[in-house]
Amino acid sequence: MKKILVIHGPNLNLLGKREPGIYGEFTLEEINSRICQLAQSEKVEVEIFQSNSEGDLVNKIQETPDIFNALVINPAAYTHTSVAIRDAILAVGIPTVEVHLSNVHKREDFRRQSLISDVVRGQVAGFGVDSYLLGMRAAINIIKNDGEG
Ligand code: DQA
């Protein structure tokens, strides 16, 4: 069975209590359970990983070759700062979908720049939990259509 890795970056473990006006009322557990339901109905395997540490996120991305067919990632604040995460995505060459709960393009200026958006297949932003589900659907279509990356 094809396998998708979903990565959540820093502070996303606080969803539900963290700025609910911006990020919504869903907890990370609730989001993860929606992701798992979708994976089950689309008959793909999913593994979900969250870390607040940049190095752990890089290590996890480095594990993807030969295990995962696609990556769905919300690098959270590291989106705007991490050359290391960008380089890891480029190094492994796995088809990657970038997701954000909020519409990063209509917030502070510094959130408009993503260091990964030009090395991923596409970005979904601004739809709350649906950003993850749309990102998952994009990853599933990529796997079905050209799984090669
Ligand atoms: C975020 C947007 C980032 O700018 C922010 O630092 C986050 C979450 C989002 O999902 O909307 O932590 O990636």
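Residue indices begin at 1 and follow the sequence shown. Whatever order the structure lists them in is the order used to number ligands and atoms, beginning at 1. Quick caveat, the model's predicted, so the values are computed rather than measured.
At the top of the distance list for atom 7 (C) of ligand 1, counting protein heavy atoms only, stands Y23 OH, 3.5 Å. Summary of contacts: the protein heavy atom closest to atom 9 (C) of ligand 1 is L101 N, 3.4 Å. Residue, atom and distance of the protein heavy atom nearest to atom 3 (C) of ligand 1 are H80 NE2, 3.5 Å. In terms of protein heavy atoms, atom 2 (C) of ligand 1 is closest to V104 CG1, 3.7 Å.
Remark: side-chain polar atoms of T79 are paired, donor with acceptor, to backbone N or O of A76 under 3.5 angstrom.
Contact annotation for E19 and ligand 1: no heavy atom of the residue comes within less than 4.0 Å of the ligand. Contacts with ligand 1 closer than 4.0 Å are made by heavy atoms of both the backbone and the side chain of H100. Contact annotation: for N74 versus ligand 1, heavy atoms closer than 4.0 Å belong to the side chain alone.
For R137, the salt bridge (Lys or Arg N to Asp or Glu O under 4.0 Å) partners at least two apart in sequence or on another chain are E42. With sequence neighbours excluded, the residues satisfying salt bridge (Lys or Arg N to Asp or Glu O under 4.0 Å) with E63 are K60.
Residue-to-ligand polar distances keep R107 apart from ligand 1: every N/O pair is separated by 3.5 Å or more. Remark: ligand 1 and A77 share an N or O pair separated by less than 3.5 Å (distance only, no angle test).
The structure places OG of S131 at 9.0 Å from CD1 of I31, a figure rounded to the nearest 0.5 Å.
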